[in-house]
Amino acid sequence: MFGRRNKPVVVGDKAPDFELVDQNGTTIRLSSLRGKTVVLYFYPKDDTYYCVAESADFRDHYAEFTSGNAEVIGVSSDSSASHFQFAAKYKLPFRLLSDSAGKVRRLYGVPATFGMIPGRVTYVIDEAGVVQKIVNSQFNPKSHVAEALDVLSPRPKR
């Protein structure tokens, strides 16, 4: 990790830089994605009900993200091998990063639900590396995709 924080990341903060390994064994550094919007979503565990729903929703809207010059990246404590199987099973076209020690989760200040379930939080990070939106909803996973897309192409409120 490249920095320590004493408080959770908030909108307007520079997104803390980090390196993690994806499902293919490739090391990804957040700062290497500058120039693109990054939709960084933390989720509790591969192949669990809400995590499948959230990841499938990101998959189903992936073309909208990429057409908006955005990179979608999922992060959980699962291993790269688990991520590989999860991505293959659900045909996920984006990177899943293994944060097995929870260091990046702590770096961002992602809260645990009920003090024990790893939190479900999405950060929309702009091309300059600044956090523009945070979505924190453990039990409404589809809100993460909708709210992230609204940052990329705001839609009129109904």
Side-chain angles (χ1 to χ4, degrees), residues 1 9 15-113 116-127 129-155:
M1 286 337 107
V9 171
D17 201 12
F18 61 84
E19 283 185 356
L20 290 174
V21 175
D22 74 6
Q23 70 266 34
N24 299 310
T26 304
T27 299
I28 304 301
R29 185 173 182 168
L30 181 65
S31 60
S32 72
L33 300 172
R34 293 269 161 74
K36 285 187 153 194
T37 298
V38 175
V39 179
L40 182 68
Y41 77 99
F42 290 86
Y43 64 98
K45 185 154 183 54
D46 288 347
D47 228 359
T48 56
Y49 181 78
Y50 285 121
C51 297
V52 170
E54 179 181 30
S55 297
D57 203 27
F58 273 113
R59 177 202 62 212
D60 295 347
H61 292 278
Y62 187 67
E64 292 174 70
F65 285 107
T66 57
S67 70
N69 195 35
E71 179 98 15
V72 175
I73 299 174
V75 179
S76 82
S77 62
D78 295 293
S79 68
S80 293
S82 175
H83 284 333
F84 184 84
Q85 292 174 346
F86 183 55
K89 182 176 182 178
Y90 295 101
K91 297 178 175 43
L92 305 178
F94 44 83
R95 293 178 176 124
L96 298 176
L97 305 182
S98 179
D99 184 24
S100 59
K103 290 180 181 176
V104 175
R105 186 176 288 278
R106 285 190 300 280
L107 182 66
Y108 275 72
V110 176
T113 302
M116 60 186 174
I117 301 169
R120 181 183 315 283
V121 179
T122 298
Y123 298 86
V124 180
I125 303 164
D126 70 14
E127 297 87 353
V130 177
V131 176
Q132 296 299 316
K133 178 78 174 180
I134 299 172
V135 183
N136 182 354
S137 177
Q138 184 73 292
F139 302 109
N140 187 4
K142 291 197 173 213
S143 67
H144 292 253
V145 172
E147 292 190 45
L149 282 170
D150 281 345
V151 173
L152 294 179
S153 55
R155 301 168 203 165

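Below, each value reflects all heavy atoms present in this structure, side chains not excepted, and no hydrogens, waters or symmetry copies.
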Under 3.5 Å donor-acceptor, D17 side chain and S31 backbone = yes
Could you label the plane-to-plane angle of the [X] and [Y] rings as parallel, tilted or perpendicular, counting under 30° as parallel and over 60° as perpendicular?
{"X": "F18", "Y": "Y108", "answer": "perpendicular"}
{"X": "F65", "Y": "F58", "answer": "tilted"}
{"X": "F94", "Y": "Y62", "answer": "tilted"}

key: Residues, nucleotides or ligands: over 12 heavy atoms within 6.0 Å of Y49 OH   = no
query = Could you walk me through whether E147 and T122 pass the side chain to side chain contact (heavy atoms under 4.5 Å, CB included) check?
reply = CA-CA 9 Å; E147 292 190 45; T122 298; over 6 Å; no
Identify the two heavy atoms, one from [X] and one from [Y], that lie closest to each other, and give their separation to 0.1 Å.
{"X": "F86", "Y": "D47", "answer": "CE1-N, 3.1 Å"}
{"X": "S82", "Y": "D78", "answer": "OG-CB, 3.8 Å"}
{"X": "Q23", "Y": "L96", "answer": "OE1-N, 2.7 Å"}
{"X": "G68", "Y": "L152", "answer": "O-CD2, 4.1 Å"}
{"X": "S32", "Y": "R29", "answer": "OG-O, 2.6 Å"}
{"X": "S76", "Y": "D46", "answer": "OG-OD1, 3.9 Å"}

Are any non-hydrogen side-chain atoms of [X] and [Y] less than 4.5 angstrom apart?
{"X": "H144", "Y": "S137", "value": "yes"}
{"X": "V121", "Y": "P111", "value": "yes"}
{"X": "H61", "Y": "L149", "value": "yes"}
{"X": "P93", "Y": "R59", "value": "yes"}
{"X": "I73", "Y": "L33", "value": "yes"}
{"X": "I125", "Y": "L30", "value": "yes"}
{"X": "P44", "Y": "R120", "value": "yes"}
{"X": "Y123", "Y": "V9", "value": "yes"}

Any luck finding a side-chain donor-acceptor pair between [X] and [Y] under 3.5 Å?
{"X": "H83", "Y": "D22", "value": "no"}
{"X": "E71", "Y": "T37", "value": "no"}
{"X": "T26", "Y": "N24", "value": "no"}

Can you tell me how far apart [atom1] ([X]) and [atom2] ([Y]) are? Round to the nearest 0.5 Å.
{"X": "Y43", "Y": "R105", "atom1": "OH", "atom2": "CZ", "answer": "9.5 Å"}
{"X": "D126", "Y": "R34", "atom1": "CG", "atom2": "CZ", "answer": "9.0 Å"}
{"X": "I28", "Y": "S98", "atom1": "CD1", "atom2": "OG", "answer": "12.5 Å"}

query = Among V72, L92, V145, whose side-chain contact (heavy atoms from CB on, under 4.5 Å) with S55 holds?
reply = L92
